[in-house]
Number of protein chains: 4
Amino acid sequence: MNEFFPDIQQAIPFEGPESKNPLAFKYYNPQQMVGQQTMQEHLRFSVAYWHTFKASGMDPFGAPTFERPWIKAETPMEQAEYTVGAAFEFARKLGAPFYCFHDRDLAPEGATFAESCQNLEKMVAKAKQLQDETGIKLLWGTANLFGHPRYAHGAATNPDAHVFAYAASQVKHAIAATKELGGVNYVFWGGREGYETLLNTDMKREQEQMARFFHMAVDYAKQIGFEGQFLIEPKPKEPTKHQYDFDAATVLSFLRAYDLFDHFKLNIEANHATLAGHTFEHDLTVASINGKLGSIDANIGDPLLGWDTDQFPTDPAICTLAMLVVLKQEGIAPGGLNFDAKPRRGSFDEIDLFYAHISGMDTFARGLLAAHQIIEDGVLDNFIEERYSSYAEGFGKSIIDGQESFDSIEQFILQQGDPAYKSGRQEMLESILHSYV
Amino acid sequence: MNEFFPDIQQAIPFEGPESKNPLAFKYYNPQQMVGQQTMQEHLRFSVAYWHTFKASGMDPFGAPTFERPWIKAETPMEQAEYTVGAAFEFARKLGAPFYCFHDRDLAPEGATFAESCQNLEKMVAKAKQLQDETGIKLLWGTANLFGHPRYAHGAATNPDAHVFAYAASQVKHAIAATKELGGVNYVFWGGREGYETLLNTDMKREQEQMARFFHMAVDYAKQIGFEGQFLIEPKPKEPTKHQYDFDAATVLSFLRAYDLFDHFKLNIEANHATLAGHTFEHDLTVASINGKLGSIDANIGDPLLGWDTDQFPTDPAICTLAMLVVLKQEGIAPGGLNFDAKPRRGSFDEIDLFYAHISGMDTFARGLLAAHQIIEDGVLDNFIEERYSSYAEGFGKSIIDGQESFDSIEQFILQQGDPAYKSGRQEMLESILHSYV
Amino acid sequence: MNEFFPDIQQAIPFEGPESKNPLAFKYYNPQQMVGQQTMQEHLRFSVAYWHTFKASGMDPFGAPTFERPWIKAETPMEQAEYTVGAAFEFARKLGAPFYCFHDRDLAPEGATFAESCQNLEKMVAKAKQLQDETGIKLLWGTANLFGHPRYAHGAATNPDAHVFAYAASQVKHAIAATKELGGVNYVFWGGREGYETLLNTDMKREQEQMARFFHMAVDYAKQIGFEGQFLIEPKPKEPTKHQYDFDAATVLSFLRAYDLFDHFKLNIEANHATLAGHTFEHDLTVASINGKLGSIDANIGDPLLGWDTDQFPTDPAICTLAMLVVLKQEGIAPGGLNFDAKPRRGSFDEIDLFYAHISGMDTFARGLLAAHQIIEDGVLDNFIEERYSSYAEGFGKSIIDGQESFDSIEQFILQQGDPAYKSGRQEMLESILHSYV
Amino acid sequence: MNEFFPDIQQAIPFEGPESKNPLAFKYYNPQQMVGQQTMQEHLRFSVAYWHTFKASGMDPFGAPTFERPWIKAETPMEQAEYTVGAAFEFARKLGAPFYCFHDRDLAPEGATFAESCQNLEKMVAKAKQLQDETGIKLLWGTANLFGHPRYAHGAATNPDAHVFAYAASQVKHAIAATKELGGVNYVFWGGREGYETLLNTDMKREQEQMARFFHMAVDYAKQIGFEGQFLIEPKPKEPTKHQYDFDAATVLSFLRAYDLFDHFKLNIEANHATLAGHTFEHDLTVASINGKLGSIDANIGDPLLGWDTDQFPTDPAICTLAMLVVLKQEGIAPGGLNFDAKPRRGSFDEIDLFYAHISGMDTFARGLLAAHQIIEDGVLDNFIEERYSSYAEGFGKSIIDGQESFDSIEQFILQQGDPAYKSGRQEMLESILHSYV
């Protein structure tokens with residue numbers, strides 16, 4: 001097989017924080033124990049097939065800029081074979097234990113649906129072989145239901161039942177492929193499940209269609225014995241003006257309304273959270289406290305740009321806050337941290353893929369180390385416990401336990417008068433946080 | 001009683017679209033029939049006590065600018081009496097059938113909780129008398145749980161149970177006052193129910209506290225026989241960095257999670273929707289298709305400013321889209337359209353309050369007329385019905401009815417191949433919409 | 001020649017405001033006099049070659065959706081010939097008097113620079129012939145210096161002088177082509193003239209490069225006798241993180257700093273203004289009061305989306321405010337109103353291009369009519385004149401004339417005391433504006 | 001004199017990075033040399049009188065929350081005296097070498113203009129005495145021309161010449177006070193110099209008024225021999241819908257247009273830059289490369305909130321980027337780093353002021369250390385120099401030197417063909433940056 005990254009002959013080494021080598025890890029040391037687990041077990045890094053191997057550098061104003069050697073092939077299937085080779089070579093050299101894919105990343109769309117399915121089957125067999133050879137595993141699979149023009153008005157939420165049927169057929173095979181490859185999760189991102197204008201849209205009907213679609217997917221997984229976790233990935237907008245899976249809370253509402261709550265968790269993406277007006281840690285927390293944080297797309301956006309920039313994380317403070325949520329819910333497995341991120345359009349070279357992933361992995365490793373130490377030292381947890389202590393006993397506990405009414409509470413106030421004011425100590429806590437990062 | 005608007009001696013007249021008189025209605029003609037109801041019955045306009053009579057023109061960078069004659073009084077209670085007089089005089093001259101208030105707008109906070117309650121009782125008696133004299137009614141009451149420093153870290157979600165208790169006591173009296181005044185709705189806006197930083201916050205616990213609070217309010221309403229509608233008003237942020245009632249979908253998720261769904265509807269505010277990243281019509285639709293659109297705060301924001309500007313509506317297209325949602329759910333009653341809006345800080349004069357409200361009422365009246373005609377002509381509805389017609393029978397219907405599986409659907413696709421592409425006709429529909437406005 | 005719009009056999013007719021025909025004008029009546037000019041003379045509508053004929057419906061998440069008949073050709077040059085035919089057929093049937101193009105829209109990039117130049121020359125000859133046949137004219141030409149990967153790091157501001165040279169060579173031919181076609185303007189939009197990160201950027205040097213480039217363009221125009229107007233089009237960001245031509249004020253500062261002020265005017269685009277945090281009318285006004293409003297890109301954005309949506313205008317109030325600026329500076333000629341706008345991705349059909357342009361033209365025609373009447377009636381101008389009248393004589397005039405100092409002014413205040421407060425009457429003025437729309 | 005911060009008995013100590021004491025510096029070690037200067041000389045920290053001593057915790061939805069001991073006084077002047085005592089006590093204990101004030105922070109507005117001036121004179125004398133006693137100096141003074149209702153429609157740009165005159169009189173005394181106190185800068189922030197609506201605004205006239213005002217200030221400074229630096233502080237909006245001093249580029253354009261360029265530099269505020277759509281380092285760079293970076297307001301905003309949150313800086317990466325700009329222009333003196341920042345509303349206690357300032361000072365000290373080392377190591381500078389090296393000699397140099405034309409350049413391209421593509425290495429550079437922070 002071809003070698004696509006000849007400049008990297010050895011797996012990226014760990015050299016420690018003093019290293020200035022951009023092709024070495026400074027913080028990510030896979031086998032280092034952090035609490036009861038290794039870094040690798042905590043972080044479960046995954047390479048995103050679409051951005052890392054299929055992104056072209058195209059943007060709305062410009063043509064492709066990445067001249068990857070693996071796309072120089074005679075036929076689409078030959079290109080697909082080169083690409084999967086490049087993918088496993090990259091993950092192996094980088095030291096990433098997982099990857100994620102869309103059906104149409106792995107194998108090209110054929111002239112007919114049947115041919116598309118055959119293409120996928122062939123490439124799944126190839127990927128399986130490479131998984132076996134390298135030990136790299138599939139974190140999750142998914143179906144691309146947003147790229148083809150047939151999905152311009154939605155997939156499950158399309159006004160045309162024919163398109164709904166096409167999408168269902170495609171998802172059937174994507175779930176089967178994920179099962180075949182031992183994937184431990186399957187993700188739904190509804191990139192066109194939303195609307196461009198309410199003038200032509202029946203929102204209620206479209207949500208019912210979407211619920212029907214998900215129920216059928218649940219049934220199908222049961223039918224074939226796929227036991228991976230089903231995940232929905234919220235995003236507020238882009239490509240549509242407004243997506244139905246706006247943010248974690250919106251998806252939870254939908255799952256509750258349509259009797260799907262037990263069957264799905266969430267895949268939270270940092271850049272999607274910020275586009276919805278939330279911090280990354282906010283949407284992680286909303287998912288987590290509802291028992292629904294299943295996996296993470298570990299990128300960042302640009303807070304001054306209004307679109308999905310899908311950049312590699314560089315800020316260890318953000319990653320610390322994220323890892324605090326993860327550690328408190330006892331880990332992200334069977335989910336993981338998937339780098340749904342791409343180098344900038346002008347980072348033309350294959351070596352830039354290494355720089356970018358190494359930087360992202362190091363940033364999360366710093367976050368893991370800081371979060372672990374913060375929890376060990378109890379600096380935030382103790383503060384919070386003390387802050388809410390009035391509910392732990394006495395009248396506060398009686399309120400929470402449902403033993404008080406507005407009448408009895410008013411008696412308390414008439415006797416006790418006004419509460420004292422207690423500072424929230426935000427500045428002190430921010431200072432403490434940054435002293436750990 | 002004093003007269004506070006001596007420049008307006010007669011009720012604002014309807015003069016029709018050709019009038020250029022800024023002190024006359026051009027579209028709002030209260031008794032004009034639109035379909036089966038009068039404009040007044042459709043629109044149920046309400047004046048917001050806080051903005052219209054209590055706003056001072058203060059902003060984060062500047063001192064009060066409005067020197068209202070009704071605040072020139074010796075004592076807070078005397079000021080409150082002047083203010084309620086001004087309020088009913090204004091609503092009467094304007095021709096607004098409803099008003100809305102917070103407890104602390106109507107009556108000043110006293111030195112003790114007991115004194116605050118007495119103040120409120122006195123002012124409720126006064127308001128009741130004025131209601132009887134003028135025929136103006138209470139659309140909704142609410143409690144201000146965000147202005148006083150005790151609520152800086154939240155009311156129901158405060159880390160201190162003492163503050164929770166204070167808030168509960170205050171709401172008890174606000175609900176009672178609303179009942180006493182015949183209010184047909186009671187609103188909860190949790191201006192501080194959120195957080196400034198997650199570093200000091202236990203989000204799960206705070207949401208449980210909030211749920212407990214709402215259950216107690218439901219119990220109390222039952223206890224005293226208050227039969228008005230309970231409404232929650234979503235807002236994403238401001239004053240807090242992040243409010244728990246972010247938008248309609250978030251509140252619906254909360255209500256579903258905590259067994260409160262049957263007891264609450266939503267009060268959707270236009271400017272809150274846009275701050276959350278939604279159009280006004282989006283959040284109205286989300287509420288409506290879930291059977292939860294209870295009432296409306298009828299203002300607009302400035303799309304280029306990131307805070308709640310609470311401006312009077314001026315764009316008839318936005319109001320047309322809003323009224324389409326209202327008409328399709330067969331009206332907003334017992335809710336209404338409350339002008340939660342204020343003149344700009346430099347609109348110093350009392351007469352500016354008239355200009356502003358007249359403009360807002362006319363804008364919604366234009367929206368009502370356009371929406372009614374659009375529905376009568378069926379121009380949008382017919383298009384939508386046709387657009388989704390593939391689900392009305394045949395294979396599409398079978399899908400929706402739950403009679404198909406991924407397997408049977410795949411057979412359909414293998415036989416039928418790719419769907420045809422159908423334009424969504426957004427530009428044509430926008431052109432049609434604007435031809436009605 | 002082929003016919004590409006067979007469904008439209010006649011030029012789009014004017015049918016008046018009562019018409020519900022989406023393929024007729026309701027307001028745009030080209031020969032109708034508005035003041036001293038016809039609507040056509042005032043509005044100078046132009047069709048944008050790139051969006052209307054070259055846009056594919058591709059977006060960052062999806063493949064092309066528009067299957068235009070004119071792109072079904074054997075070779076790029078044959079496709080270019082079909083396309084120019086479609087363009088003139090469309091403009092003729094629509095009744096648009098102008099068009100605009102980029103060099104690479106009109107003719108495809110060749111294998112070498114020389115071949116690209118030859119392609120352009122051939123297509124210019126073809127376009128010239130069609131101009132003569134139809135009477136349709138060129139509003140402006142420009143060069144595409146952002147689409148090709150060579151420009152990923154900028155054109156004039158590229159760190160590589162070789163790229164600067166390529167861009168200069170390309171602009172040379174684009175100006176020559178514009179001259180050959182009788183274009184009355186030439187536009188510079190620096191889509192990649194900015195940066196992705198300051199970490200690799202020398203901003204000062206890049207601005208000097210850009211200035212050098214513009215001076216060379218000025219020299220070249222003089223050399224070949226091109227007498228059209230040079231225009232710079234501001235945009236804050238997208239595709240780059242940050243463009244140097246952020247907004248009107250930023251470009252004016254640049255022109256002043258580098259001795260280019262006399263040689264350029266601005267082409268203001270509505271959606272670019274809003275992305276920069278300004279209303280459309282703001283950036284029009286900034287340009288106009290500096291004597292630099294040269295032409296207009298007449299689209300709108302979606303205020304809730306953070307990217308350039310390039311939608312057709314639908315809001316007559318916005319167009320009224322825009323036309324107020326235009327009428328007050330005595331017209332936009334030799335510039336015009338170019339529809340830098342595209343149908344949504346799901347508006348698949350050629351007929352959607354007609355719906356979209358008709359709607360846009362009608363919206364601006366409504367704006368023209370309203371603006372003209374507002375000026376005729378003097379309702380805003382009289383208010384403003386009165387508002388600033390204190391500077392027209394007496395002490396105010398003496399201040400403005402430079403005859404007072406801080407010392408003399410303080411004497412005035414010590415004698416006169418505090419000023420009276422005067423309402424800005426914003427709500428009344430908004431009401432008046434909307435009564436004209 | 002009273003002691004207002006009895007909990008802090010000693011100056012805040014430096015304890016080094018390992019310290020977890022929130023009342024100690026971990027990085028800011030005033031006398032530590034960084035290059036040729038001490039940290040204190042580099043950073044020139046200043047306490048902002050208004051936020052730190054006058055902020056009340058009031059926000060648009062809530063009452064004051066800070067019960068400062070120094071505001072408990074009988075009369076406004078007594079309160080002013082307590083406050084100035086608190087200010088110098090705080091700065092001394094914190095170890096801040098500078099402070100900044102508005103006229104109306106230091107001394108209360110009186111019943112007449114003359115009384116206001118007398119109040120100011122008295123307080124200036126008091127402050128001067130405290131400066132002498134403590135060695136703390138005035139970084140800059142300014143006049144508050146935005147808080148009083150008379151300025152609701154602007155100060156210099158007010159439509160009423162009487163208000164212009166009032167503002168001029170006020171500035172006269174504020175400059176004189178700054179001179180008297182040895183202030184080395186004087187700042188103009190035009191909080192109301194902008195508009196709420198263009199419907200009532202003559203933008204051109206208002207800009208001319210503003211220019212006149214500045215010229216008079218320049219004349220006055222010359223007249224009294226004030227030799228401090230004049231600074232304009234850009235801000236895009238808030239409190240007005242749109243301020244004329246939108247950002248650095250806009251102010252530079254204004255200064256160039258009205259012959260004021262030689263007399264002013266800029267005071268760049270981080271949160272103002274981000275509200276304008278720029279990073280902090282962007283607006284610093286724009287000012288610096290134009291020779292106009294005079295001083296800095298060292299706060300941060302919340303990227304998800306659309307208003308001026310004025311928070312203390314906590315992100316060392318942002319401060320590193322800022323200090324890179326400062327070090328490259330050889331320092332910020334005679335300007336400094338003023339903490340125009342406030343604790344959150346719920347940080348009720350005086351001790352929170354210490355936590356906040358210590359955190360902010362440490363964050364900038366980290367930034368200084370990192371920036372210094374990056375420059376020492378040349379890691380970014382060398383990359384940039386190499387990146388632009390094609391302009392340093394040969395054809396590139398000839399272009400920049402103005403010795404080439406479009407014709408000669410085209411000859412080069414016809415011979416040389418297409419340029420090679422060179423990666424911008426953004427991800428590698430980001431990784432390097434974060435390895436220094």
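These numbers were taken from a predicted model, which means no experiment stands behind them.
For chain D, the nearby part of C:Ala420 is the backbone; its heavy atoms alone come within less than 4.5 Å. Heavy atoms closer than 4.5 Å to chain D are found in both the backbone and the side chain of C:Arg387. Both the backbone and the side chain of C:Tyr166 come within less than 4.5 Å of a heavy atom of chain D. Both the backbone and the side chain of C:Thr250 come within contact range of chain D, with heavy atoms under 4.5 Å apart. Using a 4.5 Å cut-off between heavy atoms, C:Ala217 contacts chain D through both its backbone and its side chain.
Checked against a 6.0 Å centroid threshold, the rings of C:His162 and D:Phe395 do not count as neighbours.
Atoms NZ and CG, from D:Lys237 and D:Asp245 in turn, are 15.0 Å apart once rounded to the nearest 0.5 Å. Separation of atoms CD (C:Gln411) and CD (C:Glu404) is listed at 11.0 Å; rounding is to 0.5 Å.
Contact residues of residues 428-437 of chain D toward chain C are D:Leu429, D:Glu430, D:Leu433 (heavy-atom distance under 4.5 Å).
Counting non-hydrogen atoms of neighbouring residues, nucleotides and ligands closer than 6.0 angstrom, the NZ atom of D:Lys397 reaches no more than 12 such neighbours. More than 12 heavy-atom neighbours from other residues, nucleotides or ligands sit within 6.0 angstrom of CD on C:Gln329.
None of C:Leu284, C:Ile375, C:Thr285 except one satisfies the side-chain contact (heavy atoms from CB on, under 4.5 Å) rule with C:Leu324; the exception is C:Ile375. Between D:Thr201 and the choices D:His153, D:Glu206, D:Glu196, the side-chain contact (heavy atoms from CB on, under 4.5 Å) rule is met once, by D:Glu206.
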